[in-house]
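Here is the structure we will look at, set down as structure tokens.
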4 protein chains.
Amino acid sequence: MATQKSTRPPATAAERPHPDATRRSQRSRQAIYDAALELVGEVGYPKTTIEGIAARAGVGKQTIYRWWSSKADVLLEAFLDLGDRLVEAAGEEAYTIPDTGDVAADLKAVLRATVDELRDPRFEAPYRALAAEGVVNEELGRTFVARLLEPSLQLHADRLRSAQKAGQVRQDIDPRIALELFVSPLAQRWLQHTGPFSHAYTDTLVDYALHGLAPR
Amino acid sequence: MATQKSTRPPATAAERPHPDATRRSQRSRQAIYDAALELVGEVGYPKTTIEGIAARAGVGKQTIYRWWSSKADVLLEAFLDLGDRLVEAAGEEAYTIPDTGDVAADLKAVLRATVDELRDPRFEAPYRALAAEGVVNEELGRTFVARLLEPSLQLHADRLRSAQKAGQVRQDIDPRIALELFVSPLAQRWLQHTGPFSHAYTDTLVDYALHGLAPR
Amino acid sequence: MATQKSTRPPATAAERPHPDATRRSQRSRQAIYDAALELVGEVGYPKTTIEGIAARAGVGKQTIYRWWSSKADVLLEAFLDLGDRLVEAAGEEAYTIPDTGDVAADLKAVLRATVDELRDPRFEAPYRALAAEGVVNEELGRTFVARLLEPSLQLHADRLRSAQKAGQVRQDIDPRIALELFVSPLAQRWLQHTGPFSHAYTDTLVDYALHGLAPR
Amino acid sequence: MATQKSTRPPATAAERPHPDATRRSQRSRQAIYDAALELVGEVGYPKTTIEGIAARAGVGKQTIYRWWSSKADVLLEAFLDLGDRLVEAAGEEAYTIPDTGDVAADLKAVLRATVDELRDPRFEAPYRALAAEGVVNEELGRTFVARLLEPSLQLHADRLRSAQKAGQVRQDIDPRIALELFVSPLAQRWLQHTGPFSHAYTDTLVDYALHGLAPR
DNA sequence: AGCTAAGCGAGACGGTACGTCCTGTCTTGCG
DNA sequence: CGCAAGACAGGACGTACCGTCTCGCTTAGCT
């Protein structure tokens with residue numbers, strides 16, 4: 001779901017008073033990202049420590065404290081960086097929603113792709129860790145939403161607007177709310193294990209959301 | 001959302017090998033629950049420590065480690081206990097969904113009540129903390145869902161089944177999935193601050209879910 | 001060196017207010033002695049705990065606290081009891097000093113026997129533990145000296161007095177000080193590992209003590 | 001009895017794998033020594049805890065565990081350091097044995113001084129604690145003897161050798177054994193309270209040792 | 001080319017909390 | 001009522017990390 005390639009140095013860091021960023025060691029930075037993602041994958045977020053990241057990255061602790069404000073902050077940027085690298089590898093059209101004219105089919109396709117992505121073990125541990133931290137730490141939560149969720153939500157909203165123009169979705173519908181009818185259930189099942197997490201399920205969500213629960 | 005009064009000793013505890021529960025000090029137990037909820041409210045979950053809970057409760061640390069396996073476990077039971085006590089205070093009909101025959105009105109009412117409940121500051125901190133922990137700790141997550149979420153979800157499913165009998169909801173709808181169309185968006189907005197959290201919003205969700213996004 | 005068979009219940013215990021000693025369980029008492037001596041031998045005095053003794057003896061902790069005031073107290077009595085049992089097994093004449101008329105030969109013989117006894121591994125660990133505790137804990141120290149050391153010292157003093165009568169030791173010598181010339185060096189070498197600990201050594205001590213360092 | 005000023009870092013420490021000693025905080029080290037000696041004096045050795053030393057010294061516990069292996073080890077070095085400082089304050093000739101040509105007088109003088117020193121309350125508690133620990137913990141015992149006792153014993157042996165040259169002590173006497181005739185009784189009376197501890201007593205010891213118990 | 005200043009690896013430091021162990025007291029139920 | 005059992009409040013243990021700090025060592029960029 002990381003969608004924007006851009007803007008190193010990153011958002012959260014920019015808000016804090018910084019040492020001279022031009023002298024920053026890119027080698028260390030990348031080693032820290034790698035170590036953080038590996039450790040979260042191996043031992044889980046709570047047992048991932050700054051000392052552990054520094055040791056694995058072959059870096060002094062101070063180098064982490066100099067550039068990031070917290071473990072969550074490191075991991076967030078590491079994850080954004082990972083997303084960027086994967087997107088770059090995947091090519092330009094990777095994170096867009098198709099517009100074939102059939103909104104039901106397009107939404108089903110994108111939700112199926114999201115299901116697959118969320119099952120990717122490279123993503124799972126750090127993504128859950130960040131989501132959890134964001135629930136409890138409002139500042140990180142807002143960054144998480146803005147940097148990771150928002151771009152994807154925007155695409156869904158755009159696709160719904162396009163469907164409104166095509167007459168497949170009612171004009172009086174607010175796309176930002178409408179998209180939650182299928183996106184949020186998916187998110188909740190993944191985050192909270194409240195039920196099976198499959199392509200069949202997301203197809204059903206799209207059908208229910210488009211046609212409603214009430215008889216027509 | 002704690003719905004069942006019953007069943008002390010609680011689910012999580014039953015799974016671990018236990019000392020003699022008949023000798024257990026109820027005084028200490030209650031003091032621990034109180035201290036845990038107070039501390040989570042005052043300093044937040046991450047800064048709440050077992051040592052701190054023990055000190056405030058006037059209890060030895062071992063008494064906590066004897067009966068619970070983790071900070072999250074303590075808080076989960078404390079929260080369940082709080083729910084039980086509040087339900088008891090509120091009276092029998094507290095956690096039911098009205099069935100006036102108008103499914104839209106009934107769902108709107110219960111979602112409005114949920115919004116209000118989630119804003120209650122006594123609930124907010126511990127509830128978020130548990131939800132976050134459950135995202136990352138699967139065992140606790142399953143208990144969280146089973147003990148806190150499930151009873152409430154069951155009520156929604158029941159109400160939808162009743163609506164199916166009354167012809168207000170289509171027969172081919174699976175109520176367990178259908179309820180997610182309005183419950184999950186609400187949950188996500190609360191957990192992740194993805195948008196305003198109001199009565200107007202939940203009313204809209206019910207309308208969208210019942211009548212669908214597509215033109216009729 | 002335990003010389004007196006007698007007098008259960010023992011001295012230290014008699015000074016504290018006691019529960020009804022007539023109902024005391026001899027089974028438990030003996031099990032506690034055995035457990036204490038075993039544990040001191042196996043893991044050393046500092047790692048021997050009251051809980052450990054109680055567990056190995058199959059006894060409640062309270063049974064220990066009821067009858068003894070400290071770990072050292074338990075061990076002291078256990079050791080006295082061990083001494084009594086060994087003396088009983090060895091027969092009456094075990095702890096006496098021979099009086100052949102040759103004071104040098106007699107002292108050499110008894111010191112050689114002491115060397116052998118102090119090397120007995122059944123004695124070593126508890127005896128060292130008690131001696132060490134007695135250095136630091138004056139109350140226990142006095143009991144240790146009175147119950148364990150004193151009887152043996154008395155025998156040495158008696159033998160020296162007999163030698164005075166026989167004209168083998170000067171009349172103006174104080175036997176209580178004189179005996180220290182050979183007993184204390186032996187004790188120190190054993191306690192503090194300040195030198196080899198052998199029959200040759202004790203023979204030398206007796207010769208030096210009897211004839212003095214100065215030329216005659 | 002600490003006789004060698006020199007050789008920081010000390011013996012015991014050199015045997016264990018060490019962090020970078022050049023970065024070591026001398027401020028902390030001295031504060032730890034002071035706190036340890038104070039606490040042993042105030043509450044006794046068994047109630048002196050590492051936690052307590054750290055707290056009084058204003059130091060993290062880890063700083064103690066980093067440089068010492070046990071409470072006894074801390075105290076040993078603290079005591080050695082104390083000895084060094086006192087010797088430094090006392091001047092060069094402090095720990096030597098006079099050689100006036102009269103071995104009896106010289107030995108009596110030095111034993112009287114030892115009696116006085118052992119009664120100094122600054123020494124008593126830590127010295128007893130170390131001696132006791134050394135009885136039970138062989139490694140510490142050997143260090144205790146080597147660092148604290150040995151230098152003093154060496155001086156006594158030297159004085160006896162000088163007396164041999166002067167014809168005041170027999171040529172066939174082993175000075176390392178001979179010195180025990182008066183040093184060990186003194187040590188035992190002090191450690192085990194086996195009798196009065198006075199100048200008269202040590203004078204007697206020297207007389208007995210030099211002239212022997214047997215009539216001449 | 002030499003100098004200064006910053007980032008850097010390293011890791012000691014004062015702290016906090018961990019989870020375990022044991023202390024000495026108290027309570028329960030058995031014999 | 002002694003006893004086995006063991007829960008309890010308390011507190012020290014030794015470990016792991018926290019976030020800060022200081023040490024030499026690169027490694028620019030500026031004279």
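Chain naming here is simple, since letters A, B, ... match the order of the sequence lines and numbering starts at 1 in each.
- Closest to the side chain of C:Arg24, from the set F:dC3, E:dT23, E:dC13, is F:dC3.
- Residue A:Arg27 places its CZ atom among 12 or fewer non-hydrogen atoms of other residues, nucleotides or ligands, all under 6.0 Å distant.
- At whole-Å resolution of the value, NZ in D:Lys61 and P in F:dC13 are 7 Å apart.
- The nearest whole Å value for the distance from the CZ atom in B:Arg27 to the P atom in F:dC8 is 11 Å.
- A 4.5 Å side-chain heavy-atom check between C:Trp68 and C:Arg29 finds at least one atom pair inside the cut-off.
- Geometrically, A:Arg23 does not engage A:Trp67 in a cation-pi contact defined by less than 6.0 Å to the ring centre and at most 45° from the axis.
- In the set E:dG9, F:dA7, E:dA12, the nucleotide with an atom closest to the side chain of D:Asp20 is E:dA12.
- You'll find the side chain of D:Phe144 reaches within 4.5 Å of the side chain of D:Tyr127, heavy atoms only.
- Listed nucleotides E:dG11, F:dA9, E:dG19 differ in distance to B:Thr63; the shortest reach to its side chain belongs to F:dA9.
- Near DNA chain E, meaning a heavy atom under 4.0 Å away, the residues from residues 46-58 of chain C are C:Thr49, C:Ile50, C:Glu51.
- Of the residues near DNA chain F, B:Val59 and A:Ser70, the one whose nearest nucleotide (by heavy atom distance) lies more toward the 5' end is B:Val59.
- With F:dC8, E:dA12, E:dT25 as the choices, the nucleotide that has an atom nearest any side-chain atom of C:Gln62 turns out to be E:dT25.
- Here the P atom of nucleotide E:dA12 and the CD1 atom of D:Ile64 are 16 Å apart, to the nearest Å.
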Given the rule in the salt bridge (Lys or Arg N to Asp or Glu O under 4.0 Å) test, do C:Arg56 and C:Glu42 qualify, once you have shown the distances and angles that lead to the verdict? CA-CA 12 Å; C:Arg56 176 167 306 205; C:Glu42 290 171 22; 2.9 Å; yes
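- Listed candidates were F:dG14, E:dT23, F:dC3. Nearest to the side chain of C:Tyr65 is E:dT23.
- In this structure, the CH2 atom of A:Trp68 is 15 Å from the P atom of F:dG19, given to the nearest Å.
- Phosphate contact (OP1/OP2 of F:dA9, side-chain N/O of B:Ser28, threshold under 4.0 Å): present.
- Contact record, C:Ile64 with C:Val59: CG1-CG1, 4.2 Å, taken as the closest heavy-atom pair.
- Residue D:Arg23 places its side chain closer to E:dG9 than to any other of E:dG9, F:dA7, E:dC8.
- What you find for B:Val136 and A:Ala132 is that their closest heavy atoms are CG2-CB, 3.8 Å.
- B:Arg66 has its CZ atom 13 Å from the P atom of F:dG10, to the nearest Å.
- Between A:Trp67 and E:dG7, a side-chain N or O to OP1/OP2 separation shorter than 4.0 Å is absent.
- Taking atom CD on B:Gln26 and atom C1' on E:dT27, their separation rounds to 15 Å, with Å as the unit.
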